Structures are given as structure tokens and as C-alpha cells.
2 protein chains.
Amino acid sequence: MEPVKSSSVSSDAHPEPKYSETATRILDAAEGLFVELGLEATSLRQITQQAGVNLAAVNYHFRSKDALFEAVFARRFAPWARECLCELDALEANVASGKAALDVEAVVMCYVRPALALSKDPSRGGAVFVRLFSRVLVENHRQLRETLSREWGHLVTRYSAALGRALPRLSSEEVAWRLHLGFSVMFHAFAGNDILKLFGRSAVSARDPDLIVKHMVPFVVAGMSAAANGKPAAG
Amino acid sequence: MEPVKSSSVSSDAHPEPKYSETATRILDAAEGLFVELGLEATSLRQITQQAGVNLAAVNYHFRSKDALFEAVFARRFAPWARECLCELDALEANVASGKAALDVEAVVMCYVRPALALSKDPSRGGAVFVRLFSRVLVENHRQLRETLSREWGHLVTRYSAALGRALPRLSSEEVAWRLHLGFSVMFHAFAGNDILKLFGRSAVSARDPDLIVKHMVPFVVAGMSAAANGKPAAG
DNA sequence: GTACGTTTAAAACGAGTGTTTGAGTTGTGG
DNA sequence: CCACAACTCAAACACTCGTTTTAAACGTAC
């Protein structure tokens, strides 16, 4: 009676849940509407109408609206997180074998490359998922806390360790701040959260992923590598 | 019959609308709930209950839920925008009279000082409003487009011109990108959007405004002042 | 006192929500 | 053929939403 899949983001090997065509259509429609209108403002009837399926199908394939939201998110998040980990593993392997230097830019690129690949691949959600991710961050959805915090926390720990090795003269507290600030830029830049635009047109075409990377990486690398407390803050 | 105030953010001089005590209590309650739950997820009944007023009062003092949201936002935004403009005016006056140098940090501080003052002043919404602002940015609320775009656009033009003078060797397109990226960090840092935390605990106590400024300003100044395309992006 | 504009109170309205039900339809294996 | 899943469908459920309506209380001027 109930085909409800287990909704862990990824437990061990590759428990990637396979969805039926109807379920996939629901996920696709929901993904687009959630990012455009928000979770609360999107009704199941809008989703099923856009997906061309019956209303009850969403409660059949998924358990509830909240569970659907979780599934929408988990479907995209897990592969992307795996890719980030692969980048970090590759970097550390290359550093260990002397084939690469562990500098700030190398760490930054371990995040930029998966985000760039994701942004350019519509079959994995493309930029839509990145925007959904940023909404989740700001809106603080409770239902994703447990699902996310474990995997995400692991990733953060890895990035933090790598950046700490790239910035050996900084205290661990300062490394944490650099990571916090640097990831803030990268994350919101990929999500297209253009504060300068704010409903108007911007001087910056902030939606082309390659352009974003081109201008963003030097900015982030310079910020992360800034001299420790070169100047007092409040002048 | 209808005490509905004009809801322009600020037309000319100081048309600061004065609200009755009931209306103020509604605004305060709505502000907190909107930022905590989001616009759609917050019901008028929650607002009026927390404010200790009757349900119909919100449709009497304001016209509708959307108009209330606009009023909540406008009440905080206008004074803050004025403060930003004052900072820019003061900087340019000091530069003109030779009392100050127009460097990147000076421009950054023209944004940081008002944001810091606002964050530390609960009587003007404090950090709550900054978080509301960031929700508005990400959620792309239609009802604020017209209200905001004019004033905000003016502010952006001023900051852009100032930064352009502080970075004379950069093209105007690159200046726009620096402004975009720098404001992204500052804005989300003040809003407390901690991507590293993401529901878990963070290594960074990202909610103390003074600490934020201390670590953020060197980061942003270094990023904005980075050498133009010092390194190719994708390796 | 009466009259009036202002503000609050409680109840009701119609529309839309997430969810459930139960019957109907398909496809596959014995 | 039948049985048994997997799945779809239309209708209904109980509920909450924003908004409106109606009546009542308040202060002030005549």
C-alpha cells in the first residue's frame, strides 16, 4: 500500500532511491515551485497540476507535503555532497603525493568545481537547486535539520581542516571566520542572491556561472588570505 | 473610517507615519513572526494574539496582510537608508576638504556603521530587521518591488560611485562585481545567515555584531582590493 | 443628555489548504 | 480465469486562512 521510501540523504553506499515516473514528475514540479514561491506558498494542487498527475499521488508516493519537500531536497543534495568530498579527497591525495600545493585557492576550488558543475547541469536541478538551498538556509526549515546537519557538518569539518592547513599562521577561530565569510560569498553568488539588484536590474549579470566564478574566486581567495587583523575594525 | 497611512517608504522630507499604540503593537508582533516563520506561514491570528489586539484591528489600521507586511518593512527601512546616505555624504565632504582619504575601507565603513548601529538598537528592530531584510531578498516578494527599488537603487548608485573612486584602476564592470560580492558578505553576515552552521552549532559565534565587524571588514576590504584577475579562475 | 468619529469586539463568510477515503484502473504472475 | 499487487482518480473531510460584517464601547463637542 505504501511505497514511501526511506528518506535518509545517504546512509552508507549508494541507497539512491529510484522514483517512478509519476513521483519524478512530482519532484520536478515541486522543486521549481518551491524555489519560486516558497514552501508555504506552494500548494499541492499547484504541484500536481503542473506535474500533470492526480492530487492524491503526492500523498501516495510521499507521505506528506513536508516529506515531499525533504525528498525534493535530498534527491539533489546527496550527489552534490559526495562530489564535494571527492574533491577534498583528491586534493589531499595530490598534496600527500606532492603533486599539488595545499593553498587557499585549491581549497576554494574544491567547493567551486562541484557548485559550478551542478549549476550547469539541468538534469541535476541546475541553478534551481542552488537557489532552493539558499532559501532553505535563510528560512530555517525545521524538517531538514536532522537530515542535513550530519552530512553537512562532516563536509564543513573537512573544508575547515583543509583551510586550516592552507592558512597555518591563523588561529583556528580566525580560520572558522574565513571559512564562514568565504562560503557565504560563494554560496549566495551561485544562488544568484543579488543584493544590489533587489528587484531592479543589476550592473552585474550575476546568473552566468562561469562569469560568477571568474570574478568570485579572486575575491574569496583574497579575503580568506587577508593579513590577520591588518587593521582595527571600527577605525 | 479608514486610518490607512500612505505607505511610501519616504517621499520627501520626514513623512514618518505615526502609528497608534495598537498599530505599533501589531507591527512589532508581525515583525518578529514574519522573520521567524516567513510571510506566508504567519497568520493574522498569530499576530493579533501575540500583540494582544483583536483580529479585525489589522485590517482596520492597515488594509490587508500584504499592506501590513509593507508597513513593517518600510518602518525600519527608511531611517536606515537615510543613515547610509548621511554616511556617504559625510565621507565625500571629508574627502573634498582633504580630511579623509577615499579608500576601500572608508566606503565599506559607510555601510558597516549604519548596519552595526541598527543591529545594536532594539528600538529600531535590531538584528531582527536585518534578518527580515535578508528573507525579503531571497524570497523576492513582489509587493516590495516598487517600494524598494527606487530608494535602494539610489543607495547602490552612490556606493558604486564611491567604490569606483576608491578603486580607480578597475573597470566599472569589475567595480560592480566587487560591490556585489562585498555587499553579499556584509549583508548576510549581519543577517546571521551562517551557511556553515545550517541548523547545527557553528564554530563561529556569528551573532555578536562587534565580532562580525571585527572579522568581516578585513575580509571584505581584502576581497574588494584584490588584484584585478590576479589568477585565472578555473586553474 | 444626544450625536459623531474612532477604535475594539465577536462572529461569520467563502475560499483554499493538506489529507483521507474508497472505488476504479492497470499490469503481472499463477 | 482469478488474485494481488501498484497505481490513479474524483470526491469529500476537517480545518485554517484573509477578509468582512455587525454590534458595542470609548472620548469629545455641542
Side-chain angles (χ1 to χ4, degrees), chain A residues 1-7 17-73 135 139 141-144, chain B residues 1-7 17-73 135 139 141-144:
Chain A
M1 268 277 182
E2 295 187 4
V4 172
K5 319 287 191 302
S6 87
S7 63
K18 285 298 169 215
Y19 294 108
S20 74
E21 195 207 317
T22 300
T24 304
R25 291 238 296 278
I26 292 175
L27 286 170
D28 290 339
E31 184 172 47
L33 287 170
F34 281 156
V35 70
E36 194 177 344
L37 309 173
L39 171 60
E40 319 277 352
T42 304
S43 73
L44 292 183
R45 285 164 178 85
Q46 287 178 279
I47 295 173
T48 54
Q49 185 174 345
Q50 172 150 333
V53 304
N54 188 266
L55 170 61
V58 48
N59 283 68
Y60 173 76
H61 287 282
F62 311 92
R63 211 174 25 259
S64 64
K65 187 188 183 184
D66 280 355
L68 167 64
F69 181 69
E70 216 171 321
V72 165
F73 195 85
R135 281 195 87 125
E139 295 177 12
H141 289 163
R142 288 163 184 78
Q143 59 249 201
L144 289 182
Chain B
M1 268 274 183
E2 296 186 3
V4 172
K5 317 291 192 299
S6 87
S7 62
K18 285 298 170 215
Y19 293 107
S20 74
E21 195 207 317
T22 300
T24 303
R25 290 237 298 278
I26 292 175
L27 286 171
D28 290 340
E31 184 172 48
L33 287 169
F34 281 156
V35 69
E36 193 178 345
L37 309 173
L39 172 58
E40 318 279 350
T42 303
S43 73
L44 293 183
R45 286 166 178 84
Q46 286 177 280
I47 294 173
T48 53
Q49 183 174 344
Q50 172 148 334
V53 304
N54 187 265
L55 171 60
V58 50
N59 284 65
Y60 173 76
H61 286 284
F62 313 91
R63 210 173 25 260
S64 62
K65 188 188 183 183
D66 280 355
L68 167 63
F69 181 70
E70 217 169 322
V72 165
F73 195 85
R135 283 195 86 127
E139 295 177 12
H141 289 164
R142 287 165 184 76
Q143 60 247 199
L144 289 181

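All heavy atoms count here, side chains included; hydrogens, waters and symmetry mates do not. Keep in mind the model is a prediction, meaning the values are calculated, not measured. Labels below follow one simple rule: chain letters A, B, ... track the order of the sequence lines, proteins then strands, and each chain is numbered from 1.
- Within residues 40-58 of chain A, the residues that place at least one heavy atom under 4.0 Å from DNA chain D are, in residue-number order, Arg45(A), Asn54(A), Ala56(A).
- Put simply, CD on Glu21(A) is 15 Å from C1' on dT26(C), counting in whole angstrom units.
- Closest approach of Glu40(A) to Glu40(B), counting heavy atoms only: CB-CB, 3.8 Å.
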| query | Passes side chain to side chain contact (heavy atoms under 4.5 Å, CB included), Glu139(B) versus Glu139(A)? Steps please. | reply | CA-CA 9 Å; Glu139(B) 295 177 12; Glu139(A) 295 177 12; 3.5 Å; yes
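- Rounded to an integer number of Å, the gap from Asn59(B) CG to dA12(C) C1' is 14 Å.
- One can place CG of Leu39(B) at 13 Å from C1' of dC17(D), the figure rounded to the nearest angstrom.
- Atom P of nucleotide dG18(D) and atom NZ of Lys65(B) are separated by 4 Å, given to the nearest angstrom.
- Separating the CD atom in Gln46(B) from the CG atom in Leu55(B) is a distance of 12.0 Å, to the nearest 0.5 Å.
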| message | Assess the residue pair Lys65(B) and Ile47(B) against the criterion (side chain to side chain contact (heavy atoms under 4.5 Å, CB included)); give the C-alpha distance rounded to whole Å, side-chain angles, the decisive distance to 0.1 Å, and a yes or no. | response | CA-CA 10 Å; Lys65(B) 188 188 183 183; Ile47(B) 294 173; 5.6 Å; no
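- Looking at the side chain of His61(B), the nearest of the listed nucleotides dT19(C), dT8(D), dT8(C) is dT8(C).
- Considering Leu68(B), Leu44(B), Val72(B) as possible partners of Ile26(B), the one that fulfils the side-chain contact (heavy atoms from CB on, under 4.5 Å) test is Leu68(B).
- Rounded to the nearest 0.5 Å, atoms NE2 (His61(A)) and CZ (Arg25(A)) are 10.5 Å apart.
- Rounded to 10 degrees, the angle between the two end axes of the helix from dG1(C)-dC30(D) to dG30(C)-dC1(D) is 20°, with five pairs used at each end.
- Distance CG (Leu37(A)) to C1' (dT17(C)): 15 Å, rounded to an integer number of Å.
- Checking the phosphate oxygens (OP1, OP2) of dT8(D), a side-chain nitrogen or oxygen of Thr22(A) falls inside 4.0 Å.
- The structure places OG1 of Thr24(A) at 8.5 Å from OH of Tyr19(A), a figure rounded to the nearest 0.5 Å.
- The distance from atom CG of Leu39(B) to atom CG of Leu33(B), rounded to the nearest 0.5 Å, is 11.5 Å.
- Per the geometry, CG belonging to Leu68(A) stands 10 Å off P belonging to dT19(C), to the nearest Å.
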| request: Evaluate the side chain to side chain contact (heavy atoms under 4.5 Å, CB included) criterion for residues Phe69(B) and Leu144(B): first the C-alpha distance (whole Å), next the side-chain angles of each, then the deciding distance (0.1 Å), finally the verdict. | output: CA-CA 9 Å; Phe69(B) 181 70; Leu144(B) 289 181; 3.6 Å; yes
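- If you measure from atom CZ of Phe62(A) to atom P of dA6(D), you get 16 Å, rounded to the nearest angstrom.
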